[in-house]
Amino acid sequence: MASKLTTSNRAGWGFALPGFGLIMLFIVIPFFFAFYLSLTNQRLISPNPTEFVGLSNYDRLLSISVLTIEPEVDDTGAVVRDDAGNAQYPRVRTFTRNNPDYSQYAGMREWFRWHWGETAKVVVATDVVFWKSLRNTLMFVLVVAPVQAGLALCLALLINQRLRGINVYRAIYFMPVVVSIVVVSLLFRFIYDGNDGLLNNVLGFVTFGTFEGRDWLGSENTALGAIMGMSIWQAVGFHMVIWLSGLQTISPTLYEASSIEGASKFQTFRYVTWPGLRNTAVLILIVITMQAFALFAQIDVMTRGGPLDSTTTIVFQAVERGYGKQDISGGSAISVVLFLLVLSISLIQRYLTRER
Amino acid sequence: MKLGMTFGAALVASVSWASVAAAQTELSLWYHGAGNEAESGALNMIIDDFNASQDEYKVVVESFPQESYNDSVVAAALAGNLPDILDVDGPVMPNWAWAGYLQPLNIDEAAIAEFLDGPKGYWDGQLYSIGFWDAAVALMSRQSTLDALGLRTPDVDNPWTGEEFMAALDAAKASGDFEYAFDLGMPWTGEWYPYAFSPFLQSFGGDIVDRTTYATAEGALNGEEAVAFGNWWQSLFADGYAPGTSQDPADRDTGFVDGKYAFSWNGNWAALAALEVHDDVVFLPAPDFGNGPKIGAASWQFGVSGTSENADGAAAFIEFALQDKYLANFSNVTGLIPATSTAAAMTDNYAEGGALEVFFGLSAGQATLRPVTPGYVVSAKVFEKALADIANGADVADTLDAAVDEINADIERNGGYGH
Amino acid sequence: MATINPDNRGLRLAVRYLVLTLIALIFIFPLVFMVMSSLKPDLQLLRDTSSLRAFLPVGDISLDNYYNAFSRVPIAQFMFNSLFVTATTVFLSLLLCSLAAFSFVFLNWSGKNVALAIIIATLIIPFETIAIPLLLFVSKLPWIGMEGLTFGWLDTYRVQIIPLVADGLTIFLFVQYFRDLPRDLIEASRVEGASWMQIYLRVVMPLSGPILATAAILKFLAMYNQYLWPLMVVQQEAYRPVMVGVQYFFQLSTAWGEIMAYLTIITIPVLAFYLVLQRAFIASIASTGVKG
């Protein structure tokens with residue numbers, strides 16, 4: 001291996017340095033810079049000196065706690081109820097604002113609550129918007145990764161038939177991939193529009209007018225789902241092609257063998273196709289997960305995180321704070337959290353899909 | 001390495017040689033109105049006159065699109081490339097002054113003695129910027145609409161009270177003639193929210209921050225008055241008076257003249273276009289929700305950048321531009337309110353009997369500055385998000401609390417912004 | 001198999017094509033809708049969404065929207081910016097990444113394994129996580145140009161190009177490909193006294209057609225569609241690329257027809273490019289998957 005002929009420190013470094021140097025300068029250094037900045041109060045621009053603030057950015061970002069609230073009682077000790085018979089609770093802000101008895105909750109805000117008998121358990125956090133962005137991002141990943149991978153596999157199986165003109169279909173399914181996500185996002189803003197939107201009209205047509213139009217991006221309940229649907233539409237062709245290349249590495253003799261043994265279509269898929277796609281499946285899941293965590297352009301173009309933070313994401317928050325509000329340190333702290341998330345998820349995926 | 005340095009030095013030398021060779025000192029000016037030819041024409045007229053009036057300085061203008069102008073200036077400051085003369089939005093000025101993008105403006109105080117308050121940019125007791133005009137927001141409607149609904153026509157001296165205003169919205173809603181009673185312009189994200197809507201909050205008795213100290217928003221943005229404002233604000237959408245955040249931007253532009261809305265909350269820049277379609281359009285003052293009728297003050301202004309080496313020349317240009325004839329010309333081409341009454345008299349629309357004369361009165365009588373603090377740039381964004389969330393049904397008190405916490409945290413991280 | 005009667009077979013074939021076609025419609029209709037809408041005045045466009053006319057070039061068809069879009073913003077300038085930035089980056093990326101991969105695969109030098117490990121490790125750093133610190137970083141970087149030594153890279157072409165030239169994936173793809181090339185060929189040339197640069201240029205590059213196409217297509221798609229980075233670092237129209245221009249245009253114009261015209265203008269070149277080189281596009285994506 002280490003032949004004299006091929007050993008040359010000067011040539012080796014000389015050839016590698018431009019590419020390697022750029023990666024060090026513009027990826028590795030900024031990466032460590034992010035860790036450093038997240039420990040300071042650095043602003044994009046400010047006359048105040050930059051100070052080291054320890055972990056306070058993380059503290060603000062991640063503080064979360066559970067507050068237990070008992071229902072209000074009247075003078076006789078009976079629980080106060082509204083007309084519908086529901087117990088009435090004191091407002092969370094009476095605990096979290098200027099209340100010295102509950103100073104551990106100072107500055108926190110309700111994220112969500114659940115009931116334990118009559119007792120309300122309220123999850124409070126300092127930075128509820130960040131937690132929502134975390135939830136939305138994870139939700140996006142958890143839905144999009146399996147659905148998109150699954151649909152892509154179905155499409156790949158469809159395309160992997162010997163039919164005349166099949167390449168035309170393959171080309172069409174792949175087409176949205178080459179269209180920019182920014183273009184797609186604007187186009188779908190129009191398609192999802194509540195008044196004249198194409199989707200409402202199409203659904204109305206398909207259901208013979210029984211479907212009532214809705215403002216897909218304007219409602220908390222449908223906005224994230226609408227963005228997921230669009231993202232899958234745009235990217236599914238990409239992963240279809242990767243599945244397809246995996247399918248084509250499976251030796252035809254295996255199919256012939258299973259056909260001779262009289263295996264059903266499902267059995268063939270289960271015992272021949274699927275085992276042959278193992279590596280492809282791992283790759284696809286990792287790629288989709290990474291892309292899903294980076295969700296930004298769709299949000300920025302379509303909803304800017306709204307309505308009511310139902311579509312805000314980690315990257316959107318990092319950019320909104322670090323750039324929009326010029327709070328570089330806060331944005332960097334979010335970036336670091338995102339990186340740690342991506343790192344741990346890829347380690348988990350690697351562990352779960354390891355060769356046994 | 002050595003070669004590189006020699007080469008660099010040679011370049012530097014050749015470049016400085018080039019600038020010595022020029023007889024006049026160039027003053028660079030950045031302007032926010034790219035794409036607006038009328039405005040550029042008015043500005044160029046001033047620049048040409050100034051350049052011809054003396055031979056020491058030559059002003060060179062570069063225009064940017066408004067939407068990205070502030071980002072461009074921040075980027076230039078970050079990169080150390082600020083021009084000599086900067087165009088700055090009034091409420092943003094304290095931030096730029098505090099951050100050092102602007103230096104105090106040295107012009108003769110007498111030159112601006114007659115100016116409206118809105119165009120004068122004071123921060124920390126010093127003048128930093130001065131505007132040629134102000135803008136004003138009014139409640140647009142049509143006289144025929146008011147008559148049909150049987151409503152009294154309010155004026156600056158007798159504006160509607162909050163109750164009268166809500167009664168007017170009820171009447172418009174009940175008439176069934178309109179898609180919505182009231183168009184607020186919710187698709188205009190950005191500065192429109194604090195500019196157009198924070199005066200409502202102030203009329204209720206609240207504010208974005210506590211202006212006595214500028215150290216906290218507690219009490220101002222989440223006190224009783226602010227919560228009352230928030231409840232009112234939410235009811236506009238919950239009760240179907242106004243289209244919410246998902247209003248189609250096209251409807252914002254043309255919905256009022258198309259008859260979709262009975263009332264529209266819009267600026268004087270949109271006034272002439274509305275008058276062209278319907279000659280009975282009226283511009284009503286803001287309603288009084290208890291603490292006086294209020295609209296936002298301060299528009300775009302000019303200042304000298306903090307790094308300018310030709311501050312005297314830059315100030316001389318700004319002072320030169322403040323002549324009534326230029327103010328009047330600007331107003332004529334843009335429809336904006338000239339900064340002095342003498343200039344107003346020279347304009348088509350703001351002279352006595354002019355189509356937009358009413359705005360001059362609105363500006364003089366109701367205009368209130370947005371909080372004068374470097375922290376405004378962040379608190380404006382927080383305020384915008386809070387209003388959008390409340391419009392979308394978020395809990396009013398909790399949302400305002402969260403906004404207060406975010407503003408306070410920002411003030412704290414910035415060492416109180418120098419107050 | 002042979003027992004299936006012809007009719008049944010024909011029916012099954014028809015069903016297959018029907019399914020394929022229905023799915024194809026889902027992918028193609030939004031794009032057809034975009035192009036058709038760009039040809040219609042707004043009023044008609046909105047009315048047409050309620051029928052199949054949305055997908056047909058019927059009614060009052062004209063190029064007015066295109067004319068208006070062009071007169072509203074300098075689309076040609078944006079287009080040039082995007083193409084210039086994309087072409088330069090793709091070229092530099094292919095050059096520098098293939099040189100680095102060449103060195104990693106064929107040469108032995110101290111520190112090589114560490115350097116390669118670092119590059120592979122960067123594959124799991126999403127660009128989005130470094131964008132904010134990178135912004136602060138590039139705003140302070142020095143540059144020697146026409147005006148001598150200056151600091152700050154914002155609002156330039158270089159800030160859109162240089163930080164994005166080298167990336168782990170491109171180097172990784174080249175490394176994978178080069179590893180499959182016959183090593184004896186390289187060593188033989190070495191024995192004949194060829195310099196490393198000669199080997200790179202005359203032996204390795206001529207064998208690298210497929211990987212160059214793959215890397216170029218992937219980089220082209222990534223660069224032409226850049227959004228977050230130029231959004232932060234470019235404010236002046238003179239350097240603004242098309243994708244940031246879209247958002248800007250959307251804020252200036254509320255006429256859907258014009259917006260669709262803009263979207264069509266910036267999408268057609270890529271789509272055309274794709275349709276011509278369709279096989280290469282798909283092959284290039286596929287080749288990233290085979291290895292795993």
Side-chain angles (χ1 to χ4, degrees), chain A residues 2 5-9 11-13 15-16 18-20 22-23 26-27 30-31 33-34 37 158 169 171-176 178-180 182-183 186-187 190-191 196 198 201 238 241-242 245-246 279-280 283 290 293-294 296-297 301 315 318 322-323 328 331-332 335 338-339 342-343 346, chain C residues 16 20 24 27-28 30 33-34 46 49-50 54 96-97 99-100 102-104 106-110 112 115 118-119 122 124-126 128-130 132-134 136-137 163 165-166 171 187 190 196 221 225 227-228 232 243 246-247 250 256 259 263 267 270-271 274 278 282 285-286 289-290 292:
Chain A
L5 282 172
T6 56
T7 302
S8 166
N9 277 334
W13 272 109
F15 275 65
F20 179 67
L22 285 177
I23 284 185
F26 293 110
I27 298 177
F31 174 71
F33 201 33
L37 288 174
L158 266 179
Y169 290 101
I172 290 175
Y173 295 179
F174 187 78
M175 207 147 78
V178 300
V179 180
S180 157
V182 176
V183 171
L186 266 176
L187 175 60
F190 191 31
I191 291 177
D196 314 300
L198 192 63
N201 284 317
F238 186 91
V241 170
I242 298 185
S245 72
N279 287 336
T280 315
L283 176 83
M290 297 269 292
F293 266 112
F296 172 76
V301 174
V315 176
Y323 184 66
I328 290 270
S332 297
S335 298
L338 172 62
F339 171 71
V342 171
L343 180 67
S346 47
Chain C
R16 282 183 181 186
L20 284 168
F27 285 107
I28 211 167
F33 171 66
M34 172 176 87
L46 295 179
T49 54
S50 58
L96 300 189
C97 293
L99 275 173
F102 175 82
S103 164
F104 284 124
F106 300 118
L107 281 91
N108 287 308
W109 39 283
S110 46
K112 170 171 118 165
I118 291 176
I119 289 175
T122 63
I124 65 158
I125 302 178
E128 286 75 7
T129 65
I130 59 166
I132 298 290
L134 188 58
L136 193 65
F137 185 62
V165 161
I171 293 183
E187 303 213 349
R190 197 63 187 145
W196 285 113
L221 280 180
N225 296 336
Y227 179 64
L228 172 62
M232 295 200 300
M243 291 308 154
V246 173
Q247 179 65 333
F250 184 70
W256 280 110
I259 292 165
L263 297 185
T267 302
V270 200
L271 270 184
Y274 161 66
Q278 188 244 114
I282 290 177
I285 307 288
V290 177

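As a basis for the values below, the full set of heavy atoms in this structure was taken, side chains included, without hydrogen atoms, waters or symmetry mates. Chain naming here is simple, since letters A, B, ... match the order of the sequence lines and numbering starts at 1 in each.
Interface check for chain C: of the options A:I328, A:I27, A:V178, A:L158, the most heavy-atom pairs under 4.5 Å are formed by A:V178. For chain C, the option among A:G12, A:S335, A:S332, A:S346 with the highest count of heavy-atom pairs below 4.5 Å is A:G12. Note on C:L134, C:V165, C:L271, C:L221: by heavy-atom pairs under 4.5 Å with chain A, the leading option is C:L134. Ranked by non-hydrogen atom pairs under 4.5 Å with chain A, the options C:I132, C:I118, C:L96, C:I28 are led by C:I132. Most heavy-atom pairs under 4.5 Å with chain A, from the set C:T267, C:T122, C:I124: that is C:I124. With chain C as the partner, the residue from A:F33, A:W13, A:F339 showing the most heavy-atom pairs under 4.5 Å is A:W13. Annotation: maximal heavy-atom pairing with chain A below 4.5 Å, among C:V246, C:I171, C:L136, C:V270, occurs at C:L136. If you tally non-hydrogen atom pairs under 4.5 Å between each of A:A171, A:P176, A:A294 and chain C, the highest count goes to A:A171.
Below 30°, between 30° and 60°, or above 60°: for A:F190 and C:W256 the angle between ring planes is below 30°, a parallel geometry.
In this structure, the portion of A:L37 lying under 4.5 Å from any heavy atom of chain C is its side chain and not its backbone. Both the backbone and the side chain of A:Y323 come within less than 4.5 Å of a heavy atom in chain C. Only the side chain of A:M290 comes within less than 4.5 Å of a heavy atom of chain C; its backbone N, CA, C and O stay farther away. Only the side chain of A:I191 comes within contact range of chain C, with at least one heavy atom under 4.5 Å from a heavy atom of that chain. Contact of A:V301 with chain C is made through backbone and side chain together, with heavy-atom distances under 4.5 Å. When heavy atoms are compared at a cutoff of 4.5 Å, A:V315 approaches chain C solely by way of its side chain, counted from C-beta outward. For A:F296, the part lying near chain C is the side chain, with the backbone staying farther off; criterion is any non-hydrogen pair under 4.5 Å. Heavy-atom distances place both the backbone and the side chain of C:A115 under 4.5 Å from chain A.
For the pair A:V342 and C:P126, the tightest heavy-atom approach, listed with the atom from each and the gap, is CG2-CG, 4.1 Å. Closest non-hydrogen pair, C:A166 versus A:L22, comes out as CB-CB, 3.7 Å. Scanning both residues, A:L187 and C:P30, for their nearest heavy atoms gives CD2-O, 3.5 Å.
C:N225 places no side-chain N or O within donor-acceptor distance of the main-chain N or O of C:M243, the cut-off being under 3.5 Å. Looking at C:S103, its side chain never comes within 3.5 Å of a backbone N or O of C:L99 through a donor-acceptor pair. The main-chain N or O of A:V241 is never found under 3.5 Å from a side-chain atom of A:Y173 such that the two would form a donor-acceptor pair.
Taken from OG in A:S245 to CD1 in C:I282, the straight-line distance is 11.5 Å, to the nearest 0.5 Å.
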